[in-house]
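Here the structure comes first, spelled out in C-alpha cells, and everything after it is commentary.
Below, read A as the first sequence line, B as the second, and so on, with proteins coming before strands; counting in each chain starts at 1.
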There are 2 protein chains.
Amino acid sequence: MGASKTTTYSIQENSVAKYAKALSHPARVAIMNLLLKKQACVCGDIVDELPLSQSTVSQHLKALKEAGLIKGDIEGASVCYCIDEKEWTKAKTQLNQLFEKLYINTGKCC
Amino acid sequence: MGASKTTTYSIQENSVAKYAKALSHPARVAIMNLLLKKQACVCGDIVDELPLSQSTVSQHLKALKEAGLIKGDIEGASVCYCIDEKEWTKAKTQLNQLFEKLYINTGKCC
DNA sequence: CATATTGATCGTAAAGTTACGATTAATATT
DNA sequence: AATATTAATCGTAACTTTACGATCAATATG
C-alpha cells in the first residue's frame, strides 16, 4: 500500500530549512540588508538602525551567526560583523537549487 | 513577546521573511520537494511519505498555503495539492535579489 | 442507508521564539 | 585607578510553533 515512513529528513531539507529559518524574521533580513550594503558593521550601528533593544539585536546576530551566515570580529570594545561569503554563497546555491526545480505544471490539478 | 509589527520593516524584509519562514522547517521543504517532483499530490500521499501524523502534515500544508506557495484542489474526498507557480516565482525572485546583493568584501574586517 | 475514507480543525502539551531590562566581562577613556 | 562604553548573556514574560490524538464534515463505497 503506502510508502515507508522511515525517512527522517535529507541533508538538503535540513540545510535549506536552516538557512530559511535564519532569514525567517524581518529583523534578521534587515540585518543582512545592512551588512550587504555596508559590507561590515559594528554591532552598535546595527542596534541604532533597528527598532529593537541591544539585547534583542544581539540575539538575532547570534541566530545568524549560528546559521553560519555572518561572522564577528572583535575590534577593541566593539564587535564588527560581516557576511560569511562562503556560507552565503552556499545558502544561495541551496535555495536556488530548490527554486530551480520547478517546471511548469502540465495540468494534473489546481 | 512573540511577534513584531510588520510596519516597522520594509516590504522586502517582510516578504523575504514570510517566504523564508514557510521553508524554515525540514518537513515543509520535504513537502515542496514532493510537489516539485510529482507536480501534484494528494494530501494522503504526502502523509505517507513523511514521518508525521496526518494532523501535523495538514498543519504544515496550511502554513505553506498561507504563505501562498501552494494551493489545494478538492477532488472528491481527497485534496490535491500543487505549487502556486506565480507565487513560487515571486519567492524565488525575492530571495535571489537578496542573495545577489553580495559583492566581495574589500576587507574592512572579518 | 450504513460505513469507511479523507483531510481540516480543535484541544492541548511541550518546546521554541521574541522581546526586554539587568547584569557581566572586556576594553577604552579620563 | 575610576569610570564609561560595548556587546554577550541571564532571567523572565508572552506568544508561537510543533506535535499528536480526537473529532467533525464531506465524500465514497458497500
Query raised in the report: Is the phosphate of D:dA19, meaning OP1 or OP2, less than 4.0 Å from a side-chain N or O of B:His25?
Result: yes
query = Reckon B:Val42 touches a base, only the sugar-phosphate, or nothing at all at heavy-atom distances under 4.0 Å?
reply = sugar-phosphate
Do the charged groups of B:Lys21 and B:Glu66 touch, with an N to O distance under 4.0 Å?
no
Rounded to whole Å, the CG-C1' distance (A:Leu50 to D:dA7) equals 15 Å
Item to check | Quiz item: B:Gln59 side-chain donor-acceptor pair to C:dA8 base, under 3.5 Å | outcome: no
Among D:dA19, D:dT6, C:dT6, the one nearest any side-chain atom of B:Leu52 is D:dA19
C:dG21, OP1 or OP2 - any side-chain N/O from A:Ser55 closer than 4.0 Å?
no
In whole angstroms, the gap separating C1' of D:dA28 from CD1 of B:Ile74 amounts to 15 Å
**Prompt:** Can B:Glu13 and B:Ser10 be counted as having a side-chain donor-acceptor contact under 3.5 angstrom?
**Reply:** yes
Between CD of B:Glu75 and C1' of C:dT5 the distance, given in whole Å, is 15 Å
Quick note, A:Gln54 side chain, CB onward, closest among D:dT5, D:dA7, C:dG7 is D:dA7
**Study point:** Phosphate contact (C:dA8 OP1 or OP2) by B:Tyr81 side-chain N/O below 4.0 Å
**Key:** yes
In whole angstroms, the gap separating C1' of D:dA8 from NZ of A:Lys71 amounts to 20 Å
From CG of B:Asp73 across to P of C:dT6 the rounded distance in Å is 18 Å
* Looking at A:Ser58, does any N or O in its side chain come under 4.0 Å of the phosphate oxygens OP1/OP2 on D:dA8? -> yes
**Item:** B:Lys65 vs C:dA8: side-chain N/O to OP1/OP2 distance below 4.0 Å
**Value:** no
Subject >> Any donor-acceptor N/O pair, B:Ser58 side chain to B:Gln54 backbone, under 3.5 Å >> reply: no
> Are the side chain of B:Arg28 and the backbone N or O of B:His60 linked by a donor-acceptor pair below 3.5 Å?
Replying inline: no
At less than 4.0 Å, is any side-chain N or O atom of A:His60 found next to OP1 or OP2 of C:dT17? Yes or no. no
Would you say A:Ser53 places a side-chain N or O within less than 4.0 Å of OP1 or OP2 belonging to C:dC20? yes
Pair A:Glu49 + A:Lys37, salt bridge at N-O below 4.0 Å: no
A:Asp45 atom CG is separated from D:dT5 atom C1', nearest whole Å, by 13 Å
Would you say A:Lys21 reaches C:dT17's phosphate, i.e. side-chain N/O to OP1/OP2 under 4.0 Å? yes
